[in-house]
Protein chains: 2
Amino acid sequence: MPNYGGSLDRVFQALADETRRAMVQRLIRGPVSVSELARPLEMSLPAVMQHIQVLEACGLVRSEKIGRVRTCRIEPDVLRTAEDWLAEQRTSWERRLDRLGDYLLDDPGTPEQGSL
Amino acid sequence: MPNYGGSLDRVFQALADETRRAMVQRLIRGPVSVSELARPLEMSLPAVMQHIQVLEACGLVRSEKIGRVRTCRIEPDVLRTAEDWLAEQRTSWERRLDRLGDYLLDDPGTPEQGSL
DNA sequence: GCCATAGTTAGGCATGTCCTTAACTATGAG
DNA sequence: CTCATAGTTAAGGACATGCCTAACTATGGC
């Protein structure tokens, strides 16, 4: 069972914004400069910068400045961390359903309750 | 390719809080009353109620009041929606890495750039 | 009917988020 | 050097979030 630290807070928070999800989807296709990232977005450059900072703060994105161009790239590990947490919940749910099914087949007396 | 609507905003937002993730984990184990949900949490009941409302608003949780007890249960579909989005990003990333590998093996001239 | 239990509503406060404009720095082209 | 490009910093405004307390309603046990 992974640890997840407090980092899930920041990752899910980062992904809870349409603009930042669009940025992630763009960066999945390959590294890109700040102004290239900003181009399809209808907002000021400082606003874009702030989104990038949120993505960097949670480790979803890394960036490097060469000359006057900052190039951003995705960091897929953190994306995986979030996916893992969700998968863990889903499998817990599925295991519970299985146990519940077995139980009901065995002794169809009392309905479900609590941890079972 | 799924649609995801604007619902991902609310789901990720809901999951971006430690307390609400703890609630989800508890509810995965089975349906539970409001005060039972509140017990392990160090906050007032109204605060717990507000968290439940957030979880219900994004469809992660459904609840039903019988007598004076409100019983909450998880709604796993929405959890799956979030997981699907993340999986989609990851597989896009993996496919891109594959294409990149093929390309570099084929003609190791120009480095990666843009959509490739 | 009386009281404890379970939940709800209302109001308020501190902090966080998302965006803006204005002014600024640094780099590359000519 | 001069100018345009690429990005950055600072300050502030509008609104959302997460929590609280106080006061309230509804139900069930006796």
Side-chain angles (χ1 to χ4, degrees), chain A residues 6-27 30-73 78 82 113-114, chain B residues 6-27 30-73 78 82 113-114:
Chain A
S7 65
L8 282 176
D9 272 47
R10 279 174 300 177
V11 179
F12 282 129
Q13 179 65 46
L15 295 175
D17 183 279
E18 171 89 54
T19 300
R20 285 192 294 262
R21 285 197 307 278
M23 287 173 154
V24 165
Q25 283 183 307
R26 175 64 191 84
L27 289 170
V32 100
S33 72
V34 171
S35 35
E36 190 62 29
L37 253 192
R39 176 139 53 189
L41 304 174
E42 295 185 342
M43 65 181 66
S44 66
L45 209 58
V48 173
M49 291 286 300
Q50 284 166 6
H51 283 302
I52 292 175
Q53 279 164 20
V54 171
L55 291 168
E56 287 198 281
C58 71
L60 272 171
V61 163
R62 204 161 31 89
S63 77
E64 187 192 9
K65 191 166 181 176
I66 296 176
R68 61 182 166 174
V69 174
R70 177 172 298 279
T71 302
C72 304
R73 64 190 64 238
V78 182
Q113 184 60 33
Chain B
S7 66
L8 281 176
D9 272 46
R10 277 175 301 178
V11 179
F12 282 130
Q13 179 65 46
L15 295 174
D17 183 279
E18 171 88 54
T19 300
R20 285 191 295 260
R21 286 197 305 278
M23 286 173 154
V24 165
Q25 282 185 307
R26 175 63 191 84
L27 290 170
V32 100
S33 72
V34 170
S35 35
E36 189 62 31
L37 253 192
R39 177 142 52 191
L41 304 174
E42 295 186 342
M43 67 181 64
S44 68
L45 208 58
V48 172
M49 290 287 300
Q50 284 167 2
H51 282 303
I52 292 175
Q53 280 165 20
V54 171
L55 291 169
E56 286 198 282
C58 71
L60 272 171
V61 163
R62 204 161 32 89
S63 77
E64 186 192 9
K65 191 166 181 175
I66 296 177
R68 61 183 167 175
V69 175
R70 176 172 298 280
T71 302
C72 304
R73 64 190 64 238
V78 182
Q113 184 60 32

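All chains are named by letter (A, B, ...) in the order of the sequence lines, taking the proteins before the strands, and each is independently numbered beginning at 1. Note that the structure is a prediction, hence the values are computed from the model and not measured.
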Notebook entry, point to check: Going through the distances and angles, do A:D9 and B:R21 end up as a side-chain contact (heavy atoms from CB on, under 4.5 Å)?
Noted result: CA-CA 9 Å; A:D9 272 47; B:R21 286 197 305 278; 2.7 Å; yes
Margin query: With nearest nucleotide decided by heavy atoms, which residue, B:I66 or A:S33, maps closer to the 5′ end of DNA chain D?
Written below: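 On the 5' side of the pair lies A:S33.
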Margin query: I want to confirm an ordering. Mapping B:K65 and B:Q13 to their closest nucleotides on DNA chain D, which one lands closer to the 5' end?
Written below: B:Q13
Output the rounded distance in Å from [atom1] ([X]) to [atom2] ([N]).
X     : N      : atom1 : atom2 : value
A:E42 : C:dC18 : CD    : C1'   : 16 Å
A:E56 : D:dT8  : CD    : C1'   : 13 Å
A:R39 : D:dT5  : CZ    : C1'   : 13 Å
B:E18 : D:dC19 : CD    : C1'   : 16 Å
A:Q50 : C:dT21 : CD    : C1'   : 12 Å
B:Q53 : D:dA16 : CD    : P     : 16 Å
B:I52 : D:dG18 : CD1   : C1'   : 15 Å
B:M49 : D:dT21 : CE    : C1'   : 16 Å

From the list [options], which nucleotide is the closest neighbour of the side chain of [X]?
X     : options               : result
A:L45 : D:dA6, D:dG7, C:dC19  : D:dG7
B:V69 : D:dA6, C:dG7, C:dT8   : C:dG7
A:R68 : D:dT5, C:dC19, D:dG18 : D:dT5
A:S44 : C:dG7, D:dC20, C:dT21 : C:dT21
B:P46 : D:dT8, D:dA11, D:dT21 : D:dT21
A:D17 : D:dC19, D:dA6, C:dC18 : C:dC18
B:M43 : C:dG7, D:dA11, D:dC19 : D:dC19

Side-chain N or O of [X] closer than 4.0 Å to phosphate OP1/OP2 of [N]:
X     : N      : value
A:R70 : D:dT8  : yes
B:R20 : D:dG18 : yes
A:H51 : C:dT17 : no
B:S35 : C:dT5  : no

Next item on the list: Using a heavy-atom cut-off of under 4.0 Å over every strand shown, decide if A:A47 touches base, sugar-phosphate, or nothing.
Entry: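 Base: the residue A:A47, judged by heavy atoms under 4.0 Å, touches a nucleobase.
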Is any side-chain heavy atom of [Y] closer than 4.5 Å to one of [X]?
X     : Y     : value
A:E64 : A:R70 : no
B:T71 : B:I66 : no
A:R10 : A:V78 : no

Note to self: Here's a test for you: under side-chain contact (heavy atoms from CB on, under 4.5 Å), which of B:V54, B:I52, B:L60 qualifies with B:R20?
What the structure shows: B:V54
Check: Which residue, A:G67 or B:E36, contacts DNA chain C at a nucleotide closer to its 5' end, judged by nearest heavy atom?
Finding: B:E36
Checklist line | Closest approach of A:L27 to A:C72 (non-hydrogen atoms, all atoms of both residues) | finding: CD2-O, 3.4 Å
